[in-house]
Structure formats: C-alpha cells, structure tokens
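This structure is a prediction, so every number in the text was calculated from the model and none was measured.
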Amino acid sequence: MPINCLIQGCYNPEFEAAIAIAKDKCYEYNKLKITDREGQASILKDLLGKMGKECFITPPFWCDYGYNIELGDYFYSNHNMIITDGAKVKFGDNVFVAPNCCFSTAEHALDPEQRKAGVEIAKPITIGNNVWIGAGLTIIAGVTIGDNSVIGAGSVVTRDIPSGVIAVGVPCRVQREITEQDKYKYPMHESLRDKKPISY
C-alpha cells in the first residue's frame, strides 16, 4: 500500500483479500490456549513482518495485514491490542503495551465525497526502544515515540513524542523528563535490595 498519500483504500479487492487472510490468522491465534506458546509463536511468525526474540502478545489481538508489523526483542502486549497496519508499525526492543491499546496508521479523507468513495491515507507509526505504553491508549497515523519514554494511560497520541519523557493526555503532551530520581519513586521490596534486578 502506498503511504503518505490518498489512495483507494476501501472497496479495494486486493486490500480486502489481504485483510481477510490476516483476520483469519488472528482468529486462530485468539482461539489458542494462553499456555500454548509454541502455537502462538508459530502463528505470529507467519502473520507478522518481523518478530524479535521472546515476544508475546496476550490475546485477543487483531490487525489488518500483519506483514507491516515489526516487533523488536522482548516485546510484550497485554489484552486487546489492535493494529491497523496499512503502513508499517515498528516497535523497538523492550516495549511494554498495556491492555486496550490501538495503533492506527489509517486516516480517512476529510472531504465527505472522497471519504464516501473509500479514499484514505496510511502513515507509519514508530515506537522506540524501552517504551511503556499505558492502558487504553490510541496512537494515530504518522506518530513516532522516542526511546525510553512512558505514555500515560488513556492518552491519545496525535504528534511525535521525544525520547526519555513522561507524556500523557488528550491530546498527549510531554509532562517532564525521566530522571535518575525516578528509580526511587517507589519503595524497593526487600527481595530486590541485595541483588540487581533482572534485565535482558
């Protein structure tokens, strides 16, 4: 699919056939037992464009094409992730996605006649390394989120977010930078006090 320009997105038999294939794979994925990691990995490898090591998507999960989605290493998403991937959606390493998040590369035409005719546009989404996406987020077409940032629950991300910040809101805005003091925001359980936390 061409990106960043208006195209015949709806009522397009080629696109509809590709979407049907991906939806069937998502349906099969969502039917598997949550403990069937081998079956899940097999379907995801067949569905997605790229998948790093130790990736897990908690069902249910839905996407449009699948082959436009790239997951880095140690990707995790909780329940109800939706990706409309008419354009590429790329996640870096160590990305956490909370429940009920939507990543939408598609936008319909603003002009009502064009929209009625099925004209739309697809713009890529890029999520950096070590990003935490909070619950109930919507990230719209064309957005890039920089490395090491946290996006607060319920946000609607309509513009790029830089690296190393906490951002939240509708529309999502940067609140502050993440600092060394954030390591001490919560009390440390005694089981972690004498040893280094696990990292990959």
Report yes or no: do Ile121 and Val143 belong to one cluster of Ile/Leu/Val/Met/Phe/Trp/Tyr joined by side chain heavy-atom distances under 4.5 Å?
no

What are the two closest heavy atoms between Asp73 and Asp93, and how far apart are they?
N-OD1, 2.8 Å

Is Ile83 reachable from Ile140 through a run of I, L, V, M, F, W or Y residues, each pair having side-chain heavy atoms under 4.5 Å apart?
yes

Cluster check Met81, Leu47: I/L/V/M/F/W/Y, side chain < 4.5 angstrom:
yes

By the ring-ring contact (aromatic ring centres under 6.0 Å, His included) test, which pairs, at least two apart or in different chains, include something from residues 103-160?
Phe91-Phe103

Quick one, Asn94 and Asn129 - any side-chain contact, counting heavy atoms below 4.5 Å?
no

Which heavy-atom pair separates Met51 from Ala41 by the least distance, and what is that distance?
CE-O, 4.0 Å

Got a sec, which pairs hit side-chain hydrogen bond (donor to acceptor under 3.5 Å, both in side chains) with one end in residues 157-169, sequence neighbours left out?
none

On the 0 to 90° scale, with breaks at 30° and 60°, tag the Tyr65-Phe15 ring pair as parallel, tilted or perpendicular.
perpendicular

Flag side-chain contact, heavy atom, 4.5 Å: Ile178 against Ile166:
yes

Side-chain heavy-atom pair Asn12, Ile7 within 4.5 angstrom cut-off
no

No-hydrogen, no-angle side-chain donor-acceptor test under 3.5 Å, Asp147 and Asn130
no

Kindly indicate whether the side chain of Pro171, heavy atoms from C-beta on, has any atom under 4.5 Å from the side chain of Val156.
no

Passes salt bridge (Lys or Arg N to Asp or Glu O under 4.0 Å), Glu28 versus Lys25? Steps please.
CA-CA 5 Å; Glu28 293 301 322; Lys25 291 176 182 177; over 6 Å; no

Testing Asp36, Ile57, Leu32, Leu48 one by one against Ile43 for a side chain to side chain contact (heavy atoms under 4.5 Å, CB included), which residue passes?
Leu32

Could you identify which residues cluster with Tyr27, counting Ile, Leu, Val, Met, Phe, Trp and Tyr as linked when any side-chain heavy atoms lie under 4.5 Å apart, either directly or through a chain of such contacts?
Trp62

Measure across Leu137 and Gly152 and return the closest heavy-atom pair with its distance rounded to 0.1 Å.
CD1-O, 3.0 Å

If you look at every heavy atom in Ala106 and Glu120, which pair is closest and at what distance?
CB-OE2, 4.3 Å

On a heavy-atom basis, the closest approach of Ala135 and Ala98 is N-CB, 3.2 Å

Do Lys23 and Asp64 make a side-chain contact, defined as non-hydrogen atoms from C-beta onward lying under 4.5 Å apart?
yes

Determine whether Asn80 and Pro60 make a side-chain contact, defined as any pair of heavy atoms from C-beta on separated by less than 4.5 Å.
yes

Any side-chain heavy-atom pair of Pro124 and Thr144 under 4.5 Å
no

Between Ile127 and Val174, is there a shared hydrophobic cluster once you connect ILVMFWY residues whose side-chain heavy atoms come closer than 4.5 Å?
yes

Note: Thr105 and Gly86 closest approach over all heavy atoms is OG1-N, 3.0 Å

For the residue pair Leu44 and Phe56, establish whether any side-chain heavy-atom pair is separated by less than 4.5 Å.
no

